[in-house]
Amino acid sequence: MTHTIIDVALARQFGLSEAEYAKVLEIMGRVPSLTELGIFSVMWSEHCSYKSSRVWLKTLPTTAPWVIHGPGENAGVVDIGEGLAAIFKMESHNHPSFIEPFQGAATGVGGILRDVFTMGARPIANMNALRFGDPRLPVTKRVVDGVVRGIGGYGNCVGVPTVGGETNFHPSYNGNPLVNAMTVGIAAQDRIFLSAAAGIGNPVVYVGSKTGRDGIHGATMASAEFGADSEEKRPTVQVGDPFIEKLLIEACLELMATDAIVAIQDMGAAGLTSSSVEMAGKGGVGIELDLDAVPQRETGMSAYEMMLSESQERMLMVLRPDRADMAAAIFEKWDLDFAVIGHITDTGRIIVRHQGRVEADIALDPLAEAAPLYHRPYELTPRPAPLGAVPDPVGLGPALLTLIGSPDLCSRAWIWDQYDATVGGQTVKRPGAADAAIVRIEGSQRALAMTTDCTPRYCLADPEAGGAQAVAEAWRNITATGAKPLAITDNMNFGNPEKPVVMGQFVGAIKGMSAACRALDFPVVSGNVSLYNETEGQSILPTPAIGAIGVIEDAARAVGLALQPGLDLVVIGATTGELGQSLWLREVCGRQDGAPPLVDLAAERRHGDFVRRLIEQGKIAACHDVADGGLLVAVAEMALAGMTGAHLFPSAEGAKFWFGEDQSRYVLAVPHAAPVLAEAAQAGIPAAHIGSAGSSRLTLPDGNSISLNEIKASHEAFFAEWFA
Amino acid sequence: MKVNVTVMLKQGVLDPQGKAIARALHGLGFEGVEDVRAGKLIELDLAETNPDAARAAAEAMAQKLLANSVIESFRVELG
Amino acid sequence: MLRAGIVMFPGINRERDIAIALTRSFGQKPVMLWHKDPSIEGIDLVVVPGGFSFGDYLRCGAMAAQSPIMRAVAAHAARGGYVLGVCNGFQILTEAGLLPGALLRNAGLRFLSMDCQLKVARADTAFTSHYQQNEVFRAPLAHGDGNYTASPDVLDRLEGENLVAFRYEGENPNGSARAIAGIYSPNLRVMGLMPHPENLVDPLMGGTDGKALFDSLAAAST
């Protein structure tokens, strides 16, 4: 290593451009050491610096009276009442999950958990947004199997319930699946921990697992396109240890109950480098590290390797010096490594020593301030032409069975049944029981509602409409349970931003999201950007996955989607029959064209506020938003959830009405339709009584009927047969 | 010295993992796989240098912790 | 009222769930016990909860079974004390030799998290007095290794001596021998089961089917 020649060629291998390397030379005033070059390359990687996305992310709304900490901390923090805060974030682990699905997904869960408990929260729920390739390919089956096992293997072991999420399939994810993991935690508002280091001379403490040569340059790998040689990157994949993570959660929360911690940050991507640089940088101080003191799993590790290692389950803390012994005792009790590896200085520099030599000495301000910032050229996607008339090839009944059995709409029970959803004893609505999962706060009547949403096919056709729709659907799903939507975390998964069309997708999605967030008072409080999701030039569908939370004051008021006999069915919202980019068009007609539905954000808000008020007043027995597949699919899903049939009134409307994906709609199951219709009329909200619940069949508006068992068989067949 | 302890499910205890591997091998076109059993190999690096004493120590460890005699059998081999 | 204590091993994760269920039925909080404690003082009912003790590495429950507190739990059981093991706790009790048999990988080789139906084999024990004999109740389960196995002799003895506590009714989710979901020691004071009645003690969480188990214990005498 000592003989490595540091030059522009090496810098390029490290992912730095020629101009970026010139900037490094200028800041350093000399040729950097290998370790220094490594530090620059990871800090200036897309993953750590957001250099392509930053100018656009800044345009998103991030504040509201209930926002305590927005983007910039390890996770977003919002006020949920009773002196409590919800802390949450979603983060991608896409590239590692293709190389090694089990470990990639597992360490994704581990990483997002650390982001949340780092801030003082006990994690109360996990969710995940997954996108896989064409299910007919054997590789997709292998990836699905590994990812699901990995998420379950990690979440089940740490004892945080996995309560929901979403799964889509599309060939654009064949070589580039998306694994976006979200964690929600609860903390007292007066015990939130931040990452800004302070206190000259204070000890810098390393806790958790030992450092090995795992995942070196993971952050730069996550910032480059996949090529055919990705297979060879296998040895750099990190391996997760959920057992150690569980101990780390308990030890950190025990220490956080004291006054010992000045600052704390998990070692995620770019490990020791990003945690130490960010902590010192945010605090406006300097930091000195002695790598000889770092607990090491392997022998002969260089400074470069230790600074860039992505070994999992590690945290960096700045402690009050008089509390270091007490802290050490807590970590010893939990059998975790604890080592003082440095101290805070007033130099404004990061200095790294190893075996008596200074291996890195960099001024922190220029490292942060000179970080590249690109205004990438972009080309906005024009809105596609409207679809026009489409003949219905099959009729309502056969189309319903096709849709409800299709990979994107079929039952996810095969996945959920591998995730522990009840550990913690607070899961009020398990996966599939309601439009958002409901998890009560221990010792309170209050509960959080949570969901993840995105419709990537809309985002490809019209990124701005798709971005707005993703936010609106998340808001709608929270609302459909009776909860008040609070805030979102965004996980922006896109292709190569150096291509103007892809950058245009990103810009369009941000514009749409931004408008929806503003209209719905639904700020972005945390997020993550994953670019270069391409394999051999083939980009994924633009996928701005939205994770959202809301709060409901009385968990007993939360409603699910299960029908019960005797209820009336009322649809809220206007149906004009938007078939452009609909699942019916794709699954029944084999076409993927037209313009996706637009969200009327003012109507969205009116309809949602109306529905939520009815739920709060106890007037609604079940509620389900109308999304993929349209109205008839929504009714069928409610029927399946309650194993109660429904009788839809005869109507001459065809596929356009029953499978159109018009937005801002809900199906309500209520004791009597009339008073609800009257209230809706008074509020100027479109509402229609479409049928009633009962029997073991679904009677369609064309007079035909299908037994629930037949619908259920179709709904459950896909995964059962795939993994038979 | 190095000692390897191999732990296997006892004959007669159903080994679904072995069965699944066998099925997968057939699926991949490997013919003539009559049976598969899956177990684990535990490598011990002992300070002990006397082979008999090392073997005895490893057997004691296997009986006490490494194998569950209700369902598993073990084999100790000096490395 | 029995004084209840919950044993904490590193990696256990359902200790809070059990504490909630016990507190609900007993009206008082259980004591938390640490795995390195060499003795148990003033405890009538020891509960070994679910989770992944020591990561479930090597074998589920194997390392926890060797920890200092398990010698004290064995002594407590030998004195006729009550012990309840749930999920990982059941695995630990079998590994420690307090209950016969072993828990293998689920027959389907996947972790399972779902509701199952349990049939109460006998309602005359300290654990089941608030159930009816042959009553079927719902309980969540969440495990990767719940496939109960024992030699035919042991299974015959368990059945002959009426020591089966619960059987899976309907679907046998994990392949357990003779659909056994839980068993007793010969003196009926030690019980282990795989499902989680503690996760169904509150109507808000979908039902109270599991509460009778804790109500039974609350009514038991030392």
Side-chain angles (χ1 to χ4, degrees), chain A residues 122-124 145 148-149 151-163 240-251 333-336 413-431 433 438-440 442-443 445 447 554-558 560 723-724, chain C residues 8-24 34-36 49-58 60 63-64 67 86-88 106 108-116 138-145 173 195-207 210:
Chain A
R122 177 172 285 281
I124 63 159
D145 184 51
V148 170
R149 283 180 194 275
I151 289 171
Y154 208 99
N156 298 344
C157 184
V158 294
V160 176
T162 302
V163 296
D241 185 345
F243 171 56
I244 295 293
E245 180 105 337
K246 170 68 174 161
L247 304 187
L248 203 51
I249 293 173
E250 298 304 331
K333 172 185 155 191
W334 289 100
D335 293 317
L336 292 167
W414 182 87
I415 298 177
W416 302 331
D417 286 355
Q418 299 183 56
Y419 301 154
D420 189 342
T422 54
V423 62
Q426 307 298 332
T427 308
V428 178
K429 297 289 180 204
R430 299 187 204 172
I438 304 284
V439 181
R440 189 177 62 174
E442 198 179 321
Q445 261 308 97
D554 180 359
R557 290 243 179 240
F723 285 96
Chain C
M8 267 306 293
F9 297 99
I12 284 295
N13 62 30
R14 263 188 166 82
E15 75 281 5
R16 299 150 69 85
D17 311 38
I18 281 280
I20 289 167
L22 286 170
T23 307
R24 236 180 146 82
W34 188 240
H35 66 110
K36 289 176 182 167
F52 290 69
S53 57
F54 297 93
D56 272 358
Y57 298 138
L58 189 61
C60 301
M63 287 183 272
S67 55
V86 182
C87 198
N88 199 210
N106 291 345
L109 295 176
R110 289 185 188 277
F111 189 97
L112 283 179
S113 168
M114 52 171 58
D115 283 350
C116 65
R138 186 161 63 95
L141 58 77
H143 58 246
D145 301 72
H196 292 285
E198 76 273 22
N199 283 134
L200 220 48
V201 296
D202 183 341
L204 199 49
M205 308 307 150

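Everything numeric here is computed off the predicted structure, so don't read it as measured data.
- Ring-plane geometry between A:W334 and C:W34 is classed as perpendicular, the angle between the planes exceeding 60 degrees on a 0 to 90 degree scale with a lower cut at 30.
- With a 4.5 Å cut-off on non-hydrogen atoms, C:I12 touches chain A through its backbone but not through its side chain.
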Query raised in the report: Under the side chain to side chain contact (heavy atoms under 4.5 Å, CB included) criterion, do A:E442 and C:I20 qualify, and how do the steps go?
Result: CA-CA 10 Å; A:E442 198 179 321; C:I20 289 167; 4.1 Å; yes
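- For chain A, the nearby parts of C:L204 are the backbone and the side chain; heavy atoms of each come within less than 4.5 Å.
- Here the closest heavy-atom approach between residue C:R14 and residue A:D420 is recorded as NH1-OD2, 2.7 Å.
- With a 4.5 Å cut-off on side-chain heavy atoms, C:K36 and A:K333 do not count as touching.
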Query raised in the report: Under the side chain to side chain contact (heavy atoms under 4.5 Å, CB included) criterion, do A:E250 and C:M8 qualify, and how do the steps go?
Result: CA-CA 12 Å; A:E250 298 304 331; C:M8 267 306 293; over 6 Å; no
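- Comparing A:I438, A:D335, A:V428 by how many heavy-atom pairs each has under 4.5 Å with chain C, the most go to A:V428.
- Across all non-hydrogen atoms, the minimal contact from C:Y57 to A:D241 is OH-OD1, 2.6 Å.
- Within the 4.5 angstrom heavy-atom criterion, only side-chain atoms of C:P140, from C-beta onward, approach chain A.
- A donor-acceptor contact shorter than 3.5 Å is absent between the side chain of A:N156 and the backbone of C:L112.
- Using a 4.5 Å heavy-atom cutoff, the side chains of A:R430 and C:S113 are not in contact.
- For the set A:V158, A:T427, A:I244, the count of heavy-atom pairs under 4.5 angstrom toward chain C peaks at A:T427.
- With a 4.5 angstrom heavy-atom cutoff, C:D202 touches chain A only via side-chain atoms.
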